[in-house]
Each structure stands twice: as C-alpha cells, then as structure tokens.
Amino acid sequence: RCGAQEKVLSEVLTEESAKKNKSDEELGGCESRLRLGKKELKALEQANTDIDMKYNNSTRHAVFLRQAYSAAAGLALTTAIGQLSPL
C-alpha cells in the first residue's frame, strides 16, 4: 500500500516538476522579450529626443536668419528711401 502511494506521489511530483520547468522556460522567454522591448523603447525615446533637439536647433537657426534678413532689408530700404527723398 505504501509503495503504491509512493509511486503515485512520485508520478505527481514528476508531472509538477515538468510543469514548473515549462513555466520557468516561458517566464524566461517573457523576461527576454520584456528586456528587448525596454531596450527598443529606450532607443526610440533617444531617437525622438535627438530629432526634437535637431528640429529645435534648426527652428532657432531659421528664426534667427529670418530676423537678420528682415533687419538687413529694413536697413537697406530705409537707406534707399533716405537717399531718394530730399529732406
């Protein structure tokens, strides 16, 4: 009687151990995919930051040039009008 129970418990233990091993393998796969996803997300965030910084620098440069050209054109126009009209 004890031998039969021991055999049944041994089989149950073997089945549960197999289930645990399978769960551990699945957990390892999930953790691996999670790490990869985090790495990809970090790379995308960095790329977005780089694009934002580049866009901001480009925009600031364009605004500066537009203001400089506007000031130069205003100065040239004022000088030309001053030369043409006698005071």
Side-chain angles (χ1 to χ4, degrees):
R1 177 180 157 133
C2 287
Q5 285 180 338
E6 187 177 321
K7 183 179 179 183
V8 169
L9 290 176
S10 178
E11 289 174 357
V12 170
L13 179 61
T14 302
E15 289 174 10
E16 292 302 317
S17 293
K19 287 180 187 177
K20 182 186 177 304
N21 288 341
K22 184 176 180 184
S23 294
D24 288 347
E25 288 175 6
E26 290 174 358
L27 178 61
C30 290
E31 290 173 340
S32 176
R33 286 190 299 276
L34 179 61
R35 281 191 302 272
L36 180 61
K38 285 181 179 180
K39 185 177 178 180
E40 289 174 351
L41 179 60
K42 187 175 181 179
L44 285 173
E45 288 173 347
Q46 181 64 41
N48 284 340
T49 300
D50 292 345
I51 288 171
D52 288 345
M53 289 175 61
K54 182 177 180 181
Y55 177 75
N56 288 338
N57 287 338
S58 176
T59 302
R60 282 194 299 266
H61 184 69
V63 168
F64 173 78
L65 286 178
R66 187 173 356 154
Q67 289 173 341
Y69 290 148
S70 177
L75 182 62
L77 186 60
T78 301
T79 302
I81 290 173
Q83 293 293 327
L84 293 176
S85 64
L87 289 179

Inset, instruction - Working to the nearest 0.5 Å, report the span between CG of N56 and OG1 of T49. - result: 10.5 Å

Legend entry - side chain to side chain donor-acceptor pair (under 3.5 Å) partners of residues 59-81, not counting sequence neighbours, each pair once: N57-R60

Legend entry - Exceeds 12 heavy-atom contacts within 6.0 angstrom, atom CD of E6: no

Inset, instruction - Quick one: which residue pairs count as a salt bridge (Lys or Arg N to Asp or Glu O under 4.0 Å) with a foot in residues 31-45, not counting sequence neighbours? - result: none

Inset, instruction - Could you pull out all residues at least two apart from D50 that satisfy salt bridge (Lys or Arg N to Asp or Glu O under 4.0 Å)? - result: none

Inset, instruction - Name all residues meeting the salt bridge (Lys or Arg N to Asp or Glu O under 4.0 Å) criterion together with E16; count only those two or more places apart in sequence or in a different chain, and write none if there are none. - result: K19

Legend entry - Residues which pass side-chain hydrogen bond (donor to acceptor under 3.5 Å, both in side chains) with D24, listed by chain and number, not counting sequence neighbours: K20

Inset, instruction - Please go through L34's hydrophobic cluster and name the other residues, only I, L, V, M, F, W, Y counting, with side-chain heavy atoms under 4.5 Å joining them. - result: none

Legend entry - CD on E15 to OG on S10, rounded to 0.5 Å: 10.0 Å

